[in-house]
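See structure below.
What's counted below: heavy atoms across the whole structure, side chains too, no hydrogens, waters or symmetry copies. The first residue of the sequence shown is numbered 1, and numbering continues consecutively from there.
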Amino acid sequence: MYSVLLGILLSAAAFPVLAASLPIEQAALTSPPLVPPAITRDYSAHVVVQFETVEKVMRMTDGVYYTFWTFGGTVPGTFIRVRQGDEVEFQLSNHPDSSMPHNIDLHAVTGPGGGAASSFTAPGHSSTFSFTALNPGLYVYHCATAPVGMHVANGMYGLILVEPEEGMTPVDREYYVMQGDFYTKGSHGEPGLQPFDMEKAISEQADYVVFNGSVGALTGEHALKAEVGETVRLYVGNGGPNLVSSFHVIGEIFDRVNIEGGTAINKHVQTTLIPAGSAAIVEFGVDVPGDFILVDHSIFRAFNKGALGVLAVTGPENTSIYSGKQTEGIYQPEGSTIQDVSAEAPAPVKASSRDEQMRFGQRVYASNCQACHQADGSGIPAAFPPLANSDYLNANHNRAIDAVLHGVNGTIVVNGIPYTSQMPSLRLDDEDVANVLTFVLNSWDNKGGQISPDEVAVRRKEGSAVGSGTAH
């Protein structure tokens, strides 16, 4: 509280003309996915925004860490909400432990560099500049210190909302979602602290494409929440630095989209394009319960690189809008044999220890299994069985090998729940099969174990598709 009051007092001293003509207020700032409350005043104010740039190691995905450069300690940075006509005093402080100078370019600013030149700040220093929010809309901000692409690629971006003078239509829920693409020395899923890779960034070969700074940031206990009958507004940004987002919510249609964050409205939209360095405001009502999946519909980014989130909606069913599954059965127009999904086998890489098997197996899992069985092995209810704490896998390792090599055909029972679905065989070599099963058996509360390529070779000759069985 003392620092807030001090900031306001210093603001009044530094800008006596502005402070005398407009009431001074401290900006309400929030970390993602939260949004500050709607502005209720009907007059302009002198709004003080205090930001700190911080460089810190945070999680990219399970077992993978990255040194993010941030505004406010999060990726994306803090959400700013002001009103059209407000005079904004921006105070930027760069933490003394930072390795680089930083600044800020706010796309809501009318002026050279969007404030970048006026806010260039060395580690352990602070800078102040001011601007008037002339135009309503949802705008990106980002660091613009050279090399600009590197600062943005390390997570230095966020959103500023300039509400129109007349305010915004009330909704029940508002959330802050921002996409970014990341480039690491190691490949996707390679564990440890991963440094930034400039060559990949220049070639636009992203290892991760994520919402809100990490894989799974908007899933599980961190999923967005809503109730049936509510209206949801998402403030969606794309920090880039390179890729365009095809933003989509599976199972919903956007009632209204503020195209590129401006005042032009599109209605009844399935997917909206958001360029790098831009934003969109999407609104929709939720009519039925369930998990609604947020994705970049450049779909491999969602299921293989991380651009996936969840809006968890609770409340009563409405079968007149959506019935859920009414019937289920096996359909085999080509007979009862398992169909192979052909893929060129890469040159085998030999693991020399169980730890190496785990590391190699994690990469195989991310590329071949994660889309169905999920990053945490939880599976998808009524569709794909869990691999986490799985009695089916732990009870019989040969059967686990057969499932990967030869597929699953028919009903299996995992942890007491029947699953009737077919799993095709993938053309993985013996090393990859051994590695991925060793990874699974030693993850997510399973009982452990190690599978060798020789065991896989035996089952390749003697095994067959599995199905119509329980764990025992």
Would you check if L161 and V82 make a side-chain contact, meaning some heavy-atom pair closer than 4.5 Å? no

What pairs of residues pass the side-chain hydrogen bond (donor to acceptor under 3.5 Å, both in side chains) test when at least one of them lies in residues 109-123, not counting sequence neighbours? T121-S127

Say whether, by atom type as modelled, one donor and one acceptor occur between the side chain of N238 and the main chain of L273 under 3.5 angstrom. no

Quick one: does S203's side chain have a donor or acceptor within less than 3.5 Å of a partner on E199's backbone? yes

With sequence neighbours excluded, tell me which residues meet side chain to side chain donor-acceptor pair (under 3.5 Å) with S378. D376

Please confirm whether the backbone N or O of L387 pairs with a side-chain atom of N446, one donor and one acceptor, at under 3.5 Å? yes

Donor-acceptor under 3.5 Å (N242 side chain, A201 main chain): yes

Strictly distance-based, threshold 3.5 Å: is any side-chain N or O of S278 a donor or acceptor partner for the main-chain N or O of I274? no

Is it the case that the side chain of N258 and the backbone of V282 share a donor-acceptor pair, with hydrogens and angles ignored and the cut-off at 3.5 Å? no

Mind checking whether V436 and N368 have side chains closer than 4.5 Å, heavy atoms only? no

More than 12 foreign heavy atoms under 6.0 Å from CD1 of I253: is that the case here? no

Run the ring-centre check on Y141 versus Y157 and record whether the distance is less than 6.0 Å. no

Using the side chain to side chain contact (heavy atoms under 4.5 Å, CB included) criterion, which residues pair with K225? Sequence neighbours excluded. R173, Y175, A223, A312

Residue pairs passing the salt bridge (charged side-chain N to carboxylate O under 4.0 Å, His left out) test with at least one member in residues 151-167, sequence neighbours excluded, are R81-E163

With a 4.0 Å cut-off on N to O distance, would you call R41 and E25 a salt bridge? yes

Taking side chain to side chain contact (heavy atoms under 4.5 Å, CB included) as the definition, give me every residue that meets it alongside D172, ordered by chain and number, with sequence neighbours left out. E230, T231

Show me the pairs that pass salt bridge (charged side-chain N to carboxylate O under 4.0 Å, His left out) and involve residues 97-116, at least two apart or across chains. none

Taking the side chain as every heavy atom from C-beta outward, state whether T53 and L92 have any atom pair closer than 4.5 Å. yes

Treating N442 as the side-chain partner and T438 as the backbone partner, does any N or O pair qualify as donor plus acceptor under 3.5 Å? yes

Pairing residues for Y66 by the side chain to side chain contact (heavy atoms under 4.5 Å, CB included) criterion, not counting sequence neighbours: M60, F68, N154, F182, T184, F196

Side chain to side chain contact (heavy atoms under 4.5 Å, CB included) with V215: which residues, sequence neighbours excluded? T61, Y208, V210

Is a side-chain donor or acceptor of N103 paired with a backbone partner of A144 at a separation under 3.5 angstrom? yes

List in chain and number order the residues that pass side chain to side chain donor-acceptor pair (under 3.5 Å) with H248, two or more places apart in sequence or in another chain; answer none if no residue qualifies. T271

Decide yes or no for I281 and L234: does some side-chain heavy atom of the first lie under 4.5 Å from some side-chain heavy atom of the second? no

Can you tell if the side chain of F247 reaches within under 4.5 Å of the side chain of F254, non-hydrogen atoms only? yes

Heavy-atom donor-acceptor pair, N212 side chain to M178 backbone, under 3.5 Å: yes

Counterpart residues, side chain to side chain donor-acceptor pair (under 3.5 Å), relative to D355 (two or more places apart): none

List in chain and number order the residues that pass side chain to side chain donor-acceptor pair (under 3.5 Å) with E317, two or more places apart in sequence or in another chain; answer none if no residue qualifies. none

According to side-chain hydrogen bond (donor to acceptor under 3.5 Å, both in side chains), does anything in residues 280-290 pair up with another residue at least two apart or in another chain? List the pairs. R233-E283

Do R363 and N435 make a side-chain contact, defined as non-hydrogen atoms from C-beta onward lying under 4.5 Å apart? no

Can you see whether Q179 engages S245 through a side-chain donor-acceptor pair at a distance of less than 3.5 angstrom? yes

Taking the six-membered ring for Trp, are H142 and H151 closer than 6.0 Å centroid to centroid? no

Scan side-chain atoms only and decide if E227 and T314 contain a donor-acceptor pair under the 3.5 Å cut-off. yes

Can you confirm whether the side chains of E52 and Q50 place a donor and an acceptor under 3.5 Å from each other? no

SB check D207 K200 (cutoff 4.0 Å): yes

Assess the pair Y235 and Y176: is the distance between their ring centroids shorter than 6.0 Å? no

S99 versus E55, side-chain donor and acceptor atoms under 3.5 Å: yes

Does H222 reach the main-chain N or O of G216 with its side chain, forming a donor-acceptor pair under 3.5 Å? no

